[in-house]
2 protein chains.
Amino acid sequence: MDSTAVARKLGAFVALSDADRCILTGLVKRRRSFEAGRDLVLQGQSDHVAYIVVSGWACSYKLLPDGQRQIVDFQIPGDFLGLRSLMLHLSDHSVEPITDLLVSEIRYPDLLDAFRQAPRLATGILWAASRDEAMVVEHLVGIGRREASVRMAHFLLETGARLSLVSNGTRDGYACPLTQYHLADALGLSSVHVNRVLRLLREEGLVTFRDGFVTFDDYDRLVEYAEFERAYLDQDGPLLT
Amino acid sequence: MDSTAVARKLGAFVALSDADRCILTGLVKRRRSFEAGRDLVLQGQSDHVAYIVVSGWACSYKLLPDGQRQIVDFQIPGDFLGLRSLMLHLSDHSVEPITDLLVSEIRYPDLLDAFRQAPRLATGILWAASRDEAMVVEHLVGIGRREASVRMAHFLLETGARLSLVSNGTRDGYACPLTQYHLADALGLSSVHVNRVLRLLREEGLVTFRDGFVTFDDYDRLVEYAEFERAYLDQDGPLLT
DNA sequence: CCTCAATCCTGACCGAGATCAGTCACGGGT
DNA sequence: ACCCGTGACTGATCTCGGTCAGGATTGAGG
């Protein structure tokens with residue numbers, strides 16, 4: 001997965017000119033890598049840099065005063081990381097690489113320059129931010145409303161759909177480096193309950209999560225069970241010419 | 001409250017030139033009004049228009065398959081309304097005016113033109129979108145994690161802080177047209193429990209919500225009780241010259 | 001003055017899911 | 001071969017907050 005993942009993602013929304021594409025490529029040239037487990041953005045820190053994931057998984061999370069953490073979102077290849085912190089000049093969350101992580105770095109002044117030179121890049125990035133927000137809302141709305149097993153099913157489907165957009169998953173399943181603790185923190189459950197719920201879904205013949213792989217045992221029934229609507233993830237094609 | 005509310009809000013982030021300001025004013029010239037209770041955006045509808053609230057309150061919400069609704073955010077004067085729908089070309093939520101509502105209308109092509117002519121307007125709007133997202137995340141993270149009374153206290157404080165930014169509230173309190181049902185749908189509680197929690201906060205001498213007015217009985221103790229951090233709402237001043 | 005419809009308010013009951021307190025399988029280090 | 005740390009897994013118990021089933025208060029309209 002190289003920098004074209006971003007271009008492909010944004011290109012699905014705005015029709016980028018060669019010049020736009022060139023500026024975008026220049027923007028994401030600088031590469032960095034982080035090792036699993038060592039946080040790369042810290043809540044409360046003022047940071048003037050954002051990233052785009054090239055390979056690996058990360059999660060952004062908030063620490064609550066009582067010591068619990070809420071994972072707000074997982075980032076997979078092609079996703080922005082810390083864009084909100086960049087705009088707000090203050091990180092309201094921390095980011096932890098789940099696997100070893102390769103990213104390209106985006107500096108704030110470069111981003112502003114890019115906006116000046118390529119306005120439709122700005123539109124594209126605003127679109128990407130909107131899509132991320134829609135996902136976060138969809139994700140967080142589930143918490144406390146849907147019951148635990150439906151939440152889990154929905155999450156596994158959503159992640160699968162996102163991965164398939166960047167060719168890392170199919171209807172059969174996908175490789176998933178998350179631990180049950182990650183799932184617990186993301187879904188607002190205890191790890192104990194995560195375990196129970198996964199067992200339930202497995203015994204129902206819907207989906208199996210084992211040894212780092214998610215296997216959809218019965219995709220259609222799972223979609224129905226999870227009330228999964230994927231409209232907010234997809235984009236039919238460039239909407240802006 | 002006239003269109004300068006937006007200019008003031010964006011101006012707190014990017015230093016707008018007179019030309020930028022002029023384009024912004026042109027963008028928000030068209031006025032419309034809606035009566036309380038009649039929805040103005042519907043979930044699933046493709047819409048090419050967004051609004052900025054001039055006066056009144058609205059709420060954006062999602063309907064869940066089981067008939068419950070989750071209020072995602074309330075919009076008060078100066079807030080965007082449906083910006084995400086505009087970018088995604090699909091509304092993932094509905095909007096209901098809580099009081100009679102006066103808004104200025106923003107059309108998609110006009111927005112794109114404005115981006116071309118005034119790139120720093122794009123930066124400002126991306127910032128506003130980021131701020132909104134941060135608020136939504138902060139808001140929704142509380143659901144299912146903080147306990148009900150803390151959630152309520154936090155919400156009342158946050159709303160007060162937002163209103164004070166547009167001169168509609170003080171440390172003493174504010175006028176609030178919400179019913180307990182609105183609070184229930186926003187905080188993910190039953191209306192019964194909302195009532196219990198409001199009584200508890202009142203009896204603790206922290207805050208009183210009665211007859212359409214929120215009165216902070218002991219602001220400092222309430223802030224402590226709610227673990228309220230207002231950093232994500234404020235902006236020290238223009239960060240971009 | 002008497003409905004009616006909202007909205008607010010209350011107590012009794014109950015269930016989903018957290019907490020607690022463990023066991024089991026494994027892999028790495030010494 | 002042993003220890004120890006990590007993650008998966010299980011059942012018993014407790015509690016927050018939802019549901020149900022009402023009652024009180026208000027204002028609008030006939």
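So that the names make sense, note that chain A is the first sequence line, chain B the second, and so on, each numbered from 1.
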Cut-off 3.5 Å, side chains only: do [X] and [Y] have a donor facing an acceptor?
| X | Y | value |
| --- | --- | --- |
| A:His154 | A:Arg151 | no |
| B:Tyr225 | B:Asp218 | no |
| A:Tyr174 | A:Ser164 | no |

Would you mind reading off the distance between [X] atom [atom1] and [N] atom [atom2], rounded to a whole angstrom?
| X | N | atom1 | atom2 | answer |
| --- | --- | --- | --- | --- |
| B:Met152 | D:dC16 | CE | C1' | 15 Å |
| B:Tyr181 | C:dC8 | OH | P | 7 Å |
| A:Leu178 | D:dG7 | CG | C1' | 14 Å |
| B:His182 | C:dT7 | NE2 | P | 9 Å |
| B:Leu183 | C:dC8 | CG | P | 9 Å |
| A:Gln180 | D:dT10 | CD | P | 10 Å |
| A:Asp185 | C:dG17 | CG | C1' | 16 Å |

For nucleotides 25-27 of chain C, which of its nitrogen or oxygen atoms have a protein nitrogen or oxygen under 3.5 Å away, and what is each distance?
none

- prompt: Hey, is B:Asp79 close enough to B:Arg162 for a salt bridge, meaning N to O under 4.0 Å?
  reply: yes

query: Between B:Lys62 and A:Glu138, does at least one N-O distance fall below 4.0 Å, as a salt bridge requires?
result: yes

query: Among residues 193-217 of chain B, which contact DNA chain D at a heavy-atom distance under 4.0 Å?
result: B:His193, B:Arg196

- prompt: Can you tell if the side chain of A:His93 reaches within under 4.5 Å of the side chain of A:Ser85, non-hydrogen atoms only?
  reply: yes

query: Any idea which of C:dA18, D:dT19, D:dT10 is nearest the A:Val192 side chain?
result: D:dT10

query: Which of the following nucleotides, D:dG17, D:dG7, D:dG18, is nearest to the side chain of B:Ser190?
result: D:dG18

statement: Residue set satisfying side chain to side chain contact (heavy atoms under 4.5 Å, CB included) with B:Ala186, at least two apart, ordered chain then number -> B:Ile71, B:Phe74

task: Indicate, with yes or no, if the rings of A:Phe155 and A:Phe209 have centres closer together than 6.0 Å.
output: no

- prompt: Nearest 0.5 Å, what's the CD-CG distance between A:Glu224 and A:Asp220?
  reply: 9.0 Å

